[in-house]
Number of protein chains: 2
Amino acid sequence: MHARDLVAEFPTVTADTPAVEAARLLAEQRLPGLIVVDGGGRPLSVLPGTQVLRLAVPRYCQDDPALARVVDEGHADRFVRALGGRTVRECLPDQPRELPITDPGATALEIAALMARTRSPLVAVVEADGRLLGAVTLQDLLGRALEA
Amino acid sequence: MHARDLVAEFPTVTADTPAVEAARLLAEQRLPGLIVVDGGGRPLSVLPGTQVLRLAVPRYCQDDPALARVVDEGHADRFVRALGGRTVRECLPDQPRELPITDPGATALEIAALMARTRSPLVAVVEADGRLLGAVTLQDLLGRALEA
């Protein structure tokens with residue numbers, strides 16, 4: 001059982017996708033994260049949903065729970081409007097870190113190790129030329145491994 | 001819009017639940033994580049799926065991707081068997097850290113800030129007596145906030 005046997009199609013966004021559209025994709029398709037590809041369809045990053053959320057939540061609310069509480073309910077309900085005009089590019093992390101991206105030949109254990117190490121419930125699978133083949137989710141991986 | 005309006009029923013496990021059963025629950029119900037409750041139904045912890053996975057992946061494979069690759073395919077396919085005999089207790093983090101747990105009166109923005117801060121796509125909602133009311137997922141929160 002290799003990544004090529006576990007992979008499934010997965011929607012993608014680009015760095016220029018509006019952040020609000022990315023949020024809608026996460027919500028409507030109940031995705032665990034987003035795969036950001038470049039113009040050639042090669043993955044640039046894999047973003048957990050919480051990273052997109054960070055863009056919508058003012059920094060002072062992230063740092064101090066008490067400050068989030070004093071924002072009135074009307075404004076609190078509409079917090080995602082803060083995403084307006086922003087793009088996925090602004091969600092990308094600054095520091096280069098290991099990305100949850102692997103090749104079609106990776107074994108189930110390799111994918112699990114990659115998810116555990118990067119704490120990502122989503123791994124992108126890319127061909128040798130860097131093009132995205134699809135993704136393996138933690139739920140699919142566990143499901144298949146429990147049958148093995 | 002408060003946590004009480006966004007909350008939905010969510011399956012729970014206890015610290016004594018076998019880890020393999022927890023993995024099955026994650027896979028079959030496609031959960032973003034698990035809520036661990038005590039004997040009185042009070043949340044002890046909220047575990048991301050990757051934390052459960054860490055228990056099944058040998059430490060040397062988590063640290064070194066090259067070592068995960070040399071494990072033969074048959075063993076790699078059956079990595080989840082390493083969960084056998086272990087319980088959810090062993091998945092719980094050692095260090096006390098802020099848990100993604102809130103009260104029914106939290107606003108949408110507070111929940112979003114909590115998810116962003118704890119990097120958890122799942123927030124448990126508890127009554128004043130500590131009992132679990134249910135959970136809010138990142139997908140549900142974004143979906144409702146996008147309608148607001």
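Scope of the values below: all heavy atoms of this structure, side chains included, with no hydrogens, waters or symmetry mates. Per chain, numbering begins at 1; letters A, B, ... match sequence-line order.
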- request: Evaluate the side-chain proximity of A/L109 to B/V57: yes if any heavy-atom separation is below 4.5 Å, no if none is.
  value: yes
- request: Considering only heavy atoms and a distance below 4.5 Å, find which of A/D63, A/L31, A/L114, A/D64 pairs most often with chain B.
  value: A/L31
field: Interchain contact, B/R81 with chain A, by part (heavy-atom threshold 4.5 Å)
entry: side chain
- prompt: Is it the case that one hydrophobic cluster holds both A/V20 and B/L142, taking links as side-chain heavy atoms less than 4.5 Å apart, direct or via other members?
  reply: yes
Smallest separation among heavy atoms of B/A108 and A/A76, with atom names: CB-O, 3.8 Å
message: With a 4.5 angstrom heavy-atom cut-off, is it the side chain or the backbone of A/P48 that approaches chain B, or both, or neither?
response: neither
message: Test side-chain contact (heavy atoms from CB on, under 4.5 Å) on B/I111 and A/F79; report intermediate values, then the result.
response: CA-CA 11 Å; B/I111 301 170; A/F79 75 93; over 6 Å; no
Inter-residue atom distance A/Q139.CD - B/E28.CD, 0.5 Å rounding: 12.0 Å
- prompt: Is it the side chain or the backbone of B/L26 that comes within 4.5 Å of chain A heavy atoms, both, or neither?
  reply: both
- prompt: Do you know which two heavy atoms are closest between A/A145 and B/V80, and how far apart they sit?
  reply: O-CG2, 3.2 Å
- prompt: So which part of B/L67 gets closer than 4.5 Å to some heavy atom of chain A, the side chain, the backbone, both or neither?
  reply: neither
query: Residues of residues 119-129 of chain A under 4.5 Å from chain B (heavy atom pairs)?
result: A/R119, A/S120, A/P121
- request: Kindly compute the distance separating CG (B/D103) from CZ (A/R69), expressed to the nearest 0.5 Å.
  value: 4.5 Å
- prompt: Taking atom CG of A/L83 and atom CG of B/L146, what is their separation to the nearest 0.5 Å?
  reply: 7.5 Å
- prompt: Do B/L133 and B/V136 belong together in a cluster built from hydrophobic side chains that touch within less than 4.5 Å?
  reply: yes
query: What's the spacing between B/T50 OG1 and A/R117 CZ if we round to 0.5 Å?
result: 12.5 Å
- request: Please state whether the side chain, the backbone, both or neither of B/V52 comes within less than 4.5 Å of a heavy atom of chain A.
  value: neither
- prompt: How close do B/C61 and A/A113 get, heavy atom to heavy atom, and via which atoms?
  reply: O-CB, 3.4 Å
- prompt: Does any non-hydrogen side-chain atom of A/R30 lie less than 4.5 Å from one of B/D140?
  reply: yes
field: Single-linkage hydrophobic cluster B/L138~B/L34, side-chain heavy atoms < 4.5 angstrom
entry: no
- prompt: Checking A/Q51 against chain B: side chain, backbone, both or neither under 4.5 Å from a heavy atom?
  reply: side chain
Check: A/T107 and B/V71 side chains under 4.5 Å, non-hydrogen atoms: no
A/L99 reachable from A/V7 in the ILVMFWY side-chain graph, under 4.5 Å edges: no
query: According to a 4.5 Å side-chain heavy-atom criterion applied to Ile, Leu, Val, Met, Phe, Trp and Tyr, with indirect links allowed, do A/F10 and A/M115 form part of one hydrophobic cluster?
result: no
